[in-house]
Amino acid sequence: MAKFIDELKRTHRCGDLRITDVGNEVVLFGWVHTRRDHGGLIFIDLRDREGITQIVFDPERSLEAHRVAEQLRSEWCIGIRGTVRDRGMQRNRKGELVSAHNPKLDTGAIEVVVSEVVLFNRSEPPPFPLEDSLDTREEIRLTYRYLDLRRAPLQRTLRKRHVINQATRRYLSDQGCLELETPYMVKYTPGGARNFLVPSRIQRGKFFALAESPQLFKQLFMVAGFDRYFQIVKCFRDEDLRLDRQPEFTQIDIELSFVNQDDVFRLVEGLIFAIWKEALGVDLHEVYPTGRFPQMPFAESMRDYGNDKPDLRFAMKHTDLTDLVIEHEGGGVAPWAELARKFRDGSYRRDLPPEIVKVLVVPASANLSRAESDKLEEFVKGMGAKGLARAKIADDGSWTQAPLFKGLAAGLREAIHKATGAGPGDLLCFQFGKEAMVQTVMANLRIHLGKKLGLIPEVGHGNQWNFLWVVNPPLFEYDEERKGWVAAHHAFTRPHDEHIECIESDPGKVLCYRYDLVLNGFEIGGGSIRLHDPEVQKKVFRALGISDEEAQSKFGFLLQALRFGAPPHGGIALGMDRIAMLLSEAESLRDVIPFPKTQKGTDLMTDAPTPISPEQLSELAIRTLEIDKESPPRSP
RNA sequence: GGGGUGGUAGCGAAGUUGGUCAUCGCGCUGGCCUGUCACGCCGGAGAUCGCGGGUUCAAGUCCCGUCCACCUCGCCA
């Protein structure tokens, strides 16, 4: 072994060799991918991160090497010295002489005849096959993550992350941004995402929080005059996981001084173009010739798609019927009449409707069976809907299969046809009730149908890159429970100048310079132009019912900093993992993060998190309320 | 916390109304094979059917509970 490591240095990787290398002596290191033993000849596909090379053990070349090869098994780690040769010709079953080249491999024209082999390490049989396409349970893959990571697809996506990181650093550095670091251990601030807490041993009984983002610190960089900043940075949020949400994740974080919203957009568009070019070889100018992404007002997105991250790869817009229903006083439909009454008698306000009515048209061409349409109802019920009122439009325009709408007035029916453009054969799916519920249900129903009807792929992008800026959301949201206004995102977003005067009189009207970047229905970034004017900031706090003292105690250091000649500034954070996921057509964030957590936030490989000893707790001055049931130890 | 899907040999799956069915493919293992690349051929081993209760003469199958993984609502820029 020493000879191979000390004297025979690796000359090539397993993806390197071509027909032009024939005749050369080479040294390769790698893992046994597959082995085909013909008794005399033994073929082995040797694999490393760059590819696969077929190596041949011929007893006539080296009896000793051939003897070793008889023992070799999958995933054993070996090194070989040998000669590259053309695979030449072979006879097929009909006895014809055909090429022995393997077109499936980049190195398929050649093979290496082994004259010397060294066994670095044996391997137990792997618990699952290390194939490119694998349907092994994720539970097992995660337990043996280091083996899963040997597989080519994961090698490719992690490599893609590398390219994204390099492209990002190059581009942003060229744009005059400095890569600066911010602390992970920060002061706990309430609100927003839950923080992971880090107990301090030295300051007994006190806690740091793991940063949920570098937000405040990057603003302080602007105050400090660094002018343009970026960082590829880990962030931590103790919230429930989804396929696109992990408790620790990576952001491409950017902050710029002396900019408006459009300046931020241009910089980010350039970055995305650079990443797509380098990671995929895709020139987004073919889709966006001007180099700019389209923009959509937040209100339009909510109205037509029910959320702030519409997937515009297909149409199927919603139609909001609230106004029509009020106008027709419910049109003879009992729950709608009740709704209309509440608006009429003033229980509900038109400017912040607590309840709404929406409809989605499933085109006749979808040809949904009654059973399929019933399944849609089950789908929405799982999302909190009471049901899914449906109506099929008959040839004469009447509604069938629609018990709820028996008494529907023709006037409202015609108005709905006109508003939606629906016609005979189409299926109308209604949802009405609390606004948030209706929007969520209808947004998810639209995506569900988009996939079901084959308008968008189940996963991946289908070669469609649909970018969109969602802009101009409201600064405030009305909180039903608190019966007051709360910041829709955070209290430091700059409102539109023309709305500043109604911050206190009519908060619901105030739009702000906040923006989300959406790709194929995923939010891949979000940011804002910050509020740096102390006077406007005071108004915002007043509208939120936040006293000076409260503001000081929560955000004192930022407010203090803004008093020392803070420049106008704004920025954005891009979800690096999500970008990697979409670029790689991966099915979840877990496929682009080397060592991800499970849906319940655990690490199946290390079994973290674990209970800790009473001694450790005591040193940190912590007492736990319940001792968790000790989970049985895993044996990977 | 709610809704849903899944858990049968190392891996992937099949398993009718409860009754010789614990089956198939891959892998593993012993043997043979000098042109394979999903190599081939012959033989073999390997499973308390996630776990715990219950119903029954009899449970992989029915009932209750529970654990784990995944999707999702709530939550979360």
Side-chain angles (χ1 to χ4, degrees), chain A residues 33-45 52-61 66 73-75 87-93 98-105 107-108 111 124-131 133-144 191-194 212-213 215 235 237-247 249 251 308-309 375 378-385 436-437 440-441 443-444 447-448 470 473 487-490 493 514-518 523-528 572-575 578 587-588 590 598-600 602 604 629 631-632 634:
Chain A
H33 191 60
T34 56
R35 170 174 171 280
R36 296 175 293 279
D37 184 348
H38 287 248
L41 286 182
I42 296 173
F43 297 93
I44 281 177
D45 289 340
I52 284 175
T53 299
Q54 172 168 290
I55 60 179
V56 190
F57 294 83
D58 186 340
E60 288 170 19
R61 167 66 74 98
H66 186 265
R73 293 294 182 273
S74 286
E75 299 310 314
R87 290 200 190 184
M89 310 293 279
Q90 68 185 35
R91 292 204 180 274
N92 64 13
R93 289 206 187 91
V98 295
S99 167
H101 292 190
N102 183 350
K104 291 178 198 160
L105 292 180
T107 60
E111 62 192 3
E124 289 178 23
F128 51 88
L130 304 189
E131 293 161 351
S133 62
L134 188 64
D135 45 10
T136 297
R137 246 179 306 153
E138 195 166 3
E139 203 174 339
I140 294 160
R141 292 172 46 201
L142 289 172
T143 305
Y144 301 89
R194 290 188 189 85
E212 61 188 72
S213 81
Q215 181 62 40
C235 302
R237 290 178 194 169
D238 187 7
E239 295 292 347
D240 284 7
L241 288 76
R242 290 285 188 279
L243 95 156
D244 61 348
R245 277 161 36 186
Q246 280 274 310
F249 60 99
Q251 285 188 344
D308 59 355
K309 47 176 186 177
K375 269 193 184 160
E378 290 310 306
F379 175 80
V380 300
K381 276 182 177 172
M383 220 119 24
M437 185 275 295
T440 298
V441 167
N444 283 306
I447 297 297
H448 181 75
V470 175
H489 292 285
H490 63 64
T493 303
R514 214 207 106 73
Y515 32 83
D516 284 337
L517 181 58
V518 179
E523 183 200 317
I524 61 166
S528 64
I572 193 167
L574 299 169
R578 287 182 184 172
E587 292 188 29
S588 88
R590 293 184 301 279
T598 67
Q599 216 259 4
K600 287 255 173 70
T602 66
L604 290 179
K629 286 159 286 181
S631 52
R634 296 173 185 285

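Every chain is numbered from 1 and lettered A, B, ... according to where its sequence line falls, protein lines coming before strand lines. Note that the coordinates shown come from a computational prediction; the quantities given were computed from them, not determined experimentally.
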If you check the A/Asn444 side chain, which of B/rC76, B/rC73, B/rC71 turns out closest?
B/rC73

A/Arg194 has a side chain; which of B/rC73, B/rA69, B/rC75 sits nearest to it?
B/rC75

For nucleotides 34-52 of chain B, 5' to 3', base contacts (B), sugar-phosphate-only contacts (S) and non-contacts (-) with protein non-hydrogen atoms under 4.0 Å give BBBBSB-------------

According to a strict under-4.0 Å criterion, is [X] in side-chain N/O contact with OP1 or OP2 of [N]?
{"X": "A/Arg242", "N": "B/rC73", "value": "yes"}
{"X": "A/Thr136", "N": "B/rG10", "value": "no"}
{"X": "A/Thr598", "N": "B/rC68", "value": "no"}
{"X": "A/Arg137", "N": "B/rU8", "value": "yes"}

Whole angstrom is fine here: how far is it from [atom1] in [X] over to [atom2] in [N]?
{"X": "A/Glu124", "N": "B/rC11", "atom1": "CD", "atom2": "P", "answer": "14 Å"}
{"X": "A/Lys309", "N": "B/rC76", "atom1": "NZ", "atom2": "C1'", "answer": "10 Å"}
{"X": "A/Leu130", "N": "B/rC11", "atom1": "CG", "atom2": "C1'", "answer": "11 Å"}
{"X": "A/Lys375", "N": "B/rG4", "atom1": "NZ", "atom2": "C1'", "answer": "13 Å"}
{"X": "A/Leu134", "N": "B/rA13", "atom1": "CG", "atom2": "P", "answer": "11 Å"}
{"X": "A/Leu604", "N": "B/rC68", "atom1": "CG", "atom2": "C1'", "answer": "8 Å"}
{"X": "A/Met383", "N": "B/rG74", "atom1": "CE", "atom2": "P", "answer": "9 Å"}
{"X": "A/Phe379", "N": "B/rU72", "atom1": "CZ", "atom2": "C1'", "answer": "8 Å"}

Compare every heavy atom of [Y] with every heavy atom of [X], then report the nearest pair and how far apart it is.
{"X": "A/Cys235", "Y": "A/Ser213", "result": "SG-CA, 3.8 Å"}
{"X": "A/Arg87", "Y": "A/Leu105", "result": "NH2-CD1, 3.9 Å"}
{"X": "A/Pro473", "Y": "A/Arg514", "result": "CD-O, 3.3 Å"}
{"X": "A/Thr598", "Y": "A/Leu241", "result": "O-CD2, 3.0 Å"}
{"X": "A/Asp308", "Y": "A/Asp516", "result": "OD2-OD2, 3.6 Å"}

Please give the distance between the [atom1] atoms of [N] and [M] as a whole number of Å.
{"N": "B/rC21", "M": "B/rC63", "atom1": "P", "result": "24 Å"}
{"N": "B/rU48", "M": "B/rC42", "atom1": "C1'", "result": "32 Å"}
{"N": "B/rG7", "M": "B/rA14", "atom1": "P", "result": "8 Å"}
{"N": "B/rA47", "M": "B/rA22", "atom1": "C1'", "result": "8 Å"}
{"N": "B/rA13", "M": "B/rU55", "atom1": "P", "result": "34 Å"}
{"N": "B/rG1", "M": "B/rC62", "atom1": "P", "result": "27 Å"}
{"N": "B/rG12", "M": "B/rG74", "atom1": "P", "result": "32 Å"}
{"N": "B/rC49", "M": "B/rG15", "atom1": "C1'", "result": "11 Å"}

Can you find a donor-acceptor N/O pair under 3.5 angstrom joining the side chain of A/Arg141 to the base of B/rC11?
no

Quick one: does A/Arg245 reach the base of B/rC76 with a side-chain donor-acceptor pair under 3.5 Å?
yes

Upstream residue (5' side of RNA chain B) when A/Gly382 and A/Arg237 are each assigned their closest nucleotide:
A/Gly382

Closest-nucleotide mapping onto RNA chain B: is A/Pro127 or A/Thr602 further toward the 5' terminus? I mean the 5' end.
A/Pro127

Checking all strands, does [X] fall into the base, sugar-phosphate, or nothing category for heavy-atom contacts under 4.0 angstrom?
{"X": "A/Gly192", "answer": "sugar-phosphate"}
{"X": "A/Arg590", "answer": "sugar-phosphate"}
{"X": "A/Asp135", "answer": "sugar-phosphate"}
{"X": "A/Lys381", "answer": "nothing"}
{"X": "A/Gln599", "answer": "base"}

Indicate the ring-plane relationship of A/His38 and A/Phe43, choosing parallel, tilted or perpendicular according to the 30° and 60° boundaries.
perpendicular

Between atom NE2 of A/His66 and atom CD of A/Glu60, what is the distance when rounded to the nearest 0.5 Å?
10.0 Å

Report the distance from atom CZ of A/Arg141 to atom CG of A/Asp135, rounding to the nearest 0.5 Å.
10.0 Å

With sequence neighbours excluded, what pairs up with A/Glu212 under the side-chain contact (heavy atoms from CB on, under 4.5 Å) test?
A/Ala193, A/Asn195, A/Arg237

Report all interatomic pairs (protein N or O, nucleotide N or O of nucleotides 25-28 of chain B) with separations under 3.5 Å.
none

Give none if [N] has no partner; otherwise give the nucleotide forming a Watson-Crick or G-U wobble pair with it, both distances under 3.5 Å.
{"N": "B/rC32", "answer": "B/rG40"}
{"N": "B/rU17", "answer": "none"}
{"N": "B/rA69", "answer": "B/rU5"}

Tell me whether A/Arg35 contacts the main-chain N or O of A/Ile42 through its side chain, where contact means a donor paired with an acceptor under 3.5 Å.
no

Looking at A/Gly526, is its backbone amide N or carbonyl O close enough to the side chain of A/Tyr515 to form a donor-acceptor pair, meaning the two atoms are under 3.5 Å apart?
no

Charged N to carboxylate O below 4.0 Å: is that the case for A/Arg245 and A/Glu239?
no

